[in-house]
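Taking it in order: structure first as structure tokens, then the write-up.
Convention: sequence-line order gives letters A, B, ...; per-chain numbering from 1.
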Amino acid sequence: PSNQTKLHSFFSQK
Amino acid sequence: MFEAKLQQGGLLKKILESVKDLVVDGLWDCDGAAITLQGMDSSHVALVEMLLRAEAFEHYRCDRNVTLGMNHNHLSKILKCANNDDIVILKAADQNPDSCSLILESKNGEKTSDFVVSLVRIDTDQLGIPETEYSAHVKMSSGEFQRICRDLSQFGDAVQITCSKQDVKFSSSGETGKANITLTHSATVDKEEESVTVDLKEPVDLTFALRFLNLFTKATPISDTVTLSLSQEAPLVVEYKIGDSGHIRYFLAPKIQE
């Protein structure tokens, strides 16, 4: 669903 | 070389069961102190992080840091051959190994099985997880949490988790109507594993996909208790301790409430 956020919005890539 | 001997193979079976439906291929990083695993689901909504310290093993040797790219379905086939009280020994060469050996020994020493699992190349993002001050921590029975996630799945695809002063409320709604389950901070603690602790700094109100929470509860056999850490605008953390020697933590990005 479009209202699901992704982890990349919160955590940065190592 | 890398060599780790686990007295109770059942623990490795439980760990694998709790990650394999979320992450198909995982990077198992081994260093002198611990084995760690981090992996995301294919839609990058959920992440699992596993830590198993060297002291969990009867024997642990890791001369150089080594990363094992494990296909969890392949590893699961091998561990299905193990009894819970079998000894499991993992072995791999130091530099860029293309396989990992697993040896299963029965408790009485009369049966030995050995397997070689081919390692896979994994190109995956590793995320840096910042230290976060959470607004709420809820500690509860892991079995109760599993039950709530399963029960609410009948009513909707998502669960709204609301923490207020003494309570945590799990709500789900859909075509059939609405379901609310409220747990209240235990007044007295007879058995720690059955009590509910709500440690709240600020009220939170967040919504999460139940499909992922139900996958996280595959870790229920690992610990009697589970801790949920919540903050507005941060992924939920669902943590199961592996005794005193590690943990499995799941992170789940929230849904934006409409």
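Taking the salt bridge (charged side-chain N to carboxylate O under 4.0 Å, His left out) definition, one finds that B:Arg147 meets it with B:Asp151, sequence neighbours left out. Residues forming a ring-ring contact (aromatic ring centres under 6.0 Å, His included) with B:Phe216 (at least two apart in sequence, or on another chain): B:Tyr250.
Not one N or O on the side chain of B:Tyr134 forms a donor-acceptor pair closer than 3.5 Å with the backbone of B:Ala234. Judged by distance alone, the side chain of B:Thr67 and the main-chain N or O of B:Asp29 form no donor-acceptor pair under 3.5 Å.
Identified under the salt bridge (Lys or Arg N to Asp or Glu O under 4.0 Å) test for residues 232-241 of chain B, with sequence neighbours left out: B:Glu239-B:Lys241, B:Glu239-B:Arg249.
In this structure, B:Leu206 and B:Pro254 approach most closely via the heavy-atom pair CD2-CB, 4.1 Å.
Of the listed residues (B:Ala209, B:Gly128, B:Ala158), the one with the most heavy-atom contacts under 4.5 Å to chain A is B:Gly128.
Of residues 14-23 of chain B, no residue lies under 4.5 Å from chain A by any heavy-atom pair.
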